[in-house]
Amino acid sequence: MKKIFSIFILAIVFSCSSDDGGTTGGSAFPKTTTMNFEVTTTDDRDASITTTIDDVDLVELSSTSPYIKPYENRVVSLQTVFKLKYEDLSPMPFVAYQATLIIKDVNNIVKTQSFNVTQQGQIFQIEYMFSDDN
């Protein structure tokens with residue numbers, strides 16, 4: 001009976017031990033950071049700009065470039081999703097221009113893309129998600 005009890009105790013001890021897979025340091029998440037959303041255009045245009053963090057939207061109207069929206073001291077978890085959406089609201093007559101959308105983690109660009117705005121009302125969006133790879 002003592003052997004069965006000892007085996008049972010050993011099984012519990014080994015099943016409860018930590019298994020870090022040989023890694024050191026663990027995950028960097030959650031972390032506190034400053035996220036910056038930026039839009040630059042080759043010409044000042046009226047636009048609707050939506051910043052999204054984990055499905056929480058903030059919509060602002062802008063008519064100047066650059067547009068910069070910081071979110072300071074933000075606690076983010078693994079797989080936090082950031083989106084930046086740009087919608088052209090230019091009046092007629094329309095003249096084509098270029099828009100660049102940028103998402104930064106502190107001052108490091110984590111996602112950027114340039115778009116040619118060729119017609120009134122076009123919508124462009126970029127997305128970034130924190131993962132263990134970044």
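For Y67, the ring-ring contact (aromatic ring centres under 6.0 Å, His included) test picks out no residue, with sequence neighbours left out. Partners of K104 under the salt bridge (Lys or Arg N to Asp or Glu O under 4.0 Å) rule, at least two apart in sequence or in another chain, are E38.
The distance from the OH atom of Y128 to the CE atom of M35 is 7.0 Å, given to the nearest 0.5 Å. With rounding to the nearest 0.5 Å, the separation of CD in Q125 from CZ in F115 is 9.0 Å. The line from NZ of K111 to CG of D105 is 15.0 Å long, rounded to the nearest 0.5 Å.
Between S63 and D46, the shortest heavy-atom distance links the atoms CB-OD1, 3.0 Å. Closest of all the heavy-atom pairs between F124 and L101 is O-CD2, 3.9 Å. Residues N116 and Q98 share a closest heavy-atom pair of OD1-NE2, 3.6 Å.
Cluster partners of L61 are L89, counting Ile, Leu, Val, Met, Phe, Trp and Tyr whose side-chain heavy atoms approach within less than 4.5 Å, directly or via other members. Hydrophobic side-chain contacts under 4.5 Å tie I68 to no other Ile, Leu, Val, Met, Phe, Trp or Tyr residue. With side-chain heavy atoms closer than 4.5 Å counting as contact, directly or through intermediates, the hydrophobic cluster containing I109 also holds I102.
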Side-chain donor-acceptor pairs of residues 69-84 under 3.5 Å, sequence neighbours excluded:
unit_1	atom_1	unit_2	atom_2	d
Y71	OH	T51	OG1	2.6
T80	OG1	S77	N	2.9
T80	OG1	S77	O	2.7

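Using a 30° and 60° split on the angle between ring planes, Y97 and F94 fall in the tilted class, from 30° to 60°.
In the hydrophobic clustering of this structure, V39 groups with L58; members are Ile, Leu, Val, Met, Phe, Trp, Tyr whose side-chain heavy atoms approach within less than 4.5 Å, directly or through other members.
The closest side-chain heavy-atom distance from D43 to V95 is not below 4.5 Å. Counting only heavy atoms from C-beta outward, the side chains of I49 and F37 never approach each other to under 4.5 Å.
Judged by distance alone, with hydrogens and angles left aside, the side-chain atoms of Q120 form a donor-acceptor pair with the main-chain N or O of S90 at under 3.5 Å.
T50 and D57 share no side-chain donor-acceptor pair at under 3.5 Å.
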